[in-house]
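Here is the naming used below: chain letters follow the sequence lines, and residue numbers restart at 1 for every chain. All values reported here derive from a predicted model rather than from experimental measurement.
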Number of protein chains: 2
Amino acid sequence: MQSPQPLFEAVRKTTFIEAPRLAKRLGVNLTIASETFQHTGSFKFRAAYNLASKIEPSRILTASSGNFGQAMAYACQLLGKSCIVVMPQTSAQVKIDAVREYGGVVDLIDVRVKGRAVRVDELAQEHPDAFVASPYDDLLVIEGNASLGAELAAQNFDFVIAPVGGGGLTAGLIKGLRDAGSATKVIGAEPLMANDAARSLREGRLMINELEPQTIADGARTVSLGHHNWAILQEGLADIVEVPEENIKEGMRLLYSFANLKAEPTGALSIGALLTAREKFAEAAVCCVISGGNVDAEVYRTILADN
Amino acid sequence: MQSPQPLFEAVRKTTFIEAPRLAKRLGVNLTIASETFQHTGSFKFRAAYNLASKIEPSRILTASSGNFGQAMAYACQLLGKSCIVVMPQTSAQVKIDAVREYGGVVDLIDVRVKGRAVRVDELAQEHPDAFVASPYDDLLVIEGNASLGAELAAQNFDFVIAPVGGGGLTAGLIKGLRDAGSATKVIGAEPLMANDAARSLREGRLMINELEPQTIADGARTVSLGHHNWAILQEGLADIVEVPEENIKEGMRLLYSFANLKAEPTGALSIGALLTAREKFAEAAVCCVISGGNVDAEVYRTILADN
């Protein structure tokens, strides 16, 4: 077997966008780092490729109704591996189609009858050779996402703001920036209605939501931070901004109008954080990470109209 | 006065986007070259900056209800020049606001009372020192747009497909590619209902529409090619594809769904051309230029829903 392409060659470099009219409205010196044109449309490819390329097993199991499933399917396709993605029957057809087009096997479940974790366990028994991949709580995931931090390190931003769900992205950013010798502060942008990470930082211990909060930012509907991520974020995260739903939507509209950028709700959390805590960042050099762009047309249309 | 920043430093490099799922649907080896993140959101900045930086006068007059006005206003702001943009009173408020935010003076006219050209002439009499700038029919415009051709030359595409309105972009692409020694064929993508350029190529002489055709591709609502552009296109353009309105809209939807790219209707003409003349490009290495992304939310919402 030939050795896989190294991560820094396999990923697309992030897309830097200047948006002076948006910067003026937000009162900061703004740079957008967009992962919407990353392979499969979100930063998740960085983690998926790094993990799939560095483990021995040639079969990977994961549960994802969102971006990690697509990313892992495509990474496995590139690496000649196989991938099974457990998804709820109720997932949007476009997301199921995407995983299949990237070569993944979709395993649909009725979540009223059987939970995702249970089904993953069943599949793991059927395929004892397979690796069960967490979308966020894994050192290889963090290392993959660190490649984005490394790209941002050269620019000496005061702040990098990025969404927090399971914490894999922000943990990776901290690692990538610090490994490159950068002191840029990393700020988490978390939906107010899914604020387990903010509460964890305040309490000094890992807090867990009882249910998946139904924020519009579907990439941040996690019940808690991953343990590996918490260990990094507890020390390394400068702050978390809790973003109301309305500011997430307004972030999407501002990116549409003043940056020509299609962002998914989770992707707009960083702009939403600037809207929510304007005074914390006044006049600073701020990089907003737009983590992904995969949003259904119907959802997008509704949000564009909703102002 | 310090000498202005050279063009190649002032422009943002084009954004190359890979979209394998879209490529598969279109049956080509596809690269997208997006100018939607160019300064002011369209390729027009290349022309505007080149012109404004190379002429002596410090005041520029132009008539534009679209992208050239914004581009010229911003170019003049960067160069410490002043700019008056004649716009119809009926222009979208967001476009008027954009010109003003970039430092331009907006001169609103009631087109039922006075034509744009008449008003530009009046203003030219008031400001005899001013330069009257054409958005497309000027050698400095072509030279500015050639900077995009130069960027594309290195990749040895079989075809570059770009929209045709006044012909400034395609003429610039031909010049930029040829100056760099590239033999890549340049294909024009023109709205079928505004097909004066296609008819001109067939007839071998410059054809003129009687009225501005009301295609949804508002950047291509020109009554004819510019004379400078015709001289280049007559010899240099490999072909023109006449794109029905429905394929322009479908191009926008495909870019939304499979490239995460917000394109304006004129910007989606190149994808529309692939939908219209699929057999001409089968399996070829094709670069589609997405010329701009500035589209009103309401128009965009309607097109996304319309399938």
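Interface remark: of the candidates B:A259, B:A98, B:A19, B:G41, B:A98 forms the most heavy-atom pairs closer than 4.5 Å to chain A. Ranked by heavy-atom pairs under 4.5 Å with chain B, the list A:L261, A:V295, A:T40, A:I17 is led by A:I17. Among B:T302, B:D296, B:V94, the residue with the largest count of heavy-atom pairs under 4.5 Å with chain A is B:D296. Between chain B and the residues A:P20, A:G292, A:A297, A:S257, the most heavy-atom pairs under 4.5 angstrom are made by A:A297.
With a 4.5 angstrom heavy-atom cutoff, A:N294 touches chain B via backbone and side-chain atoms both. When heavy atoms are compared at a cutoff of 4.5 Å, A:F37 approaches chain B solely by way of its side chain, counted from C-beta outward. Within the 4.5 angstrom heavy-atom criterion, no atom of B:A263 approaches chain A. At a 4.5 Å heavy-atom cutoff, the contact between A:T36 and chain B is made by backbone and side-chain atoms alike.
In summary, A:E151 and A:R12 do not engage in a salt bridge, as defined by a charged side-chain N under 4.0 Å from a carboxylate O. For A:E101 and B:K24, the salt-bridge test fails: no basic side-chain N is under 4.0 Å from an acidic carboxylate O. A:D97 has no carboxylate O lying under 4.0 Å from a charged side-chain N of B:R21, or vice versa, which leaves the two without a salt bridge.
Side-chain contact between A:F43 and A:Q38: absent, with no pair of heavy atoms (C-beta onward) separated by less than 4.5 Å. In this structure the side chain of A:P135 never reaches within 4.5 angstrom of the side chain of A:V141, judged on heavy atoms.
Here the shortest heavy-atom pairing between B:A52 and B:K81 reads O-NZ, 2.9 Å.
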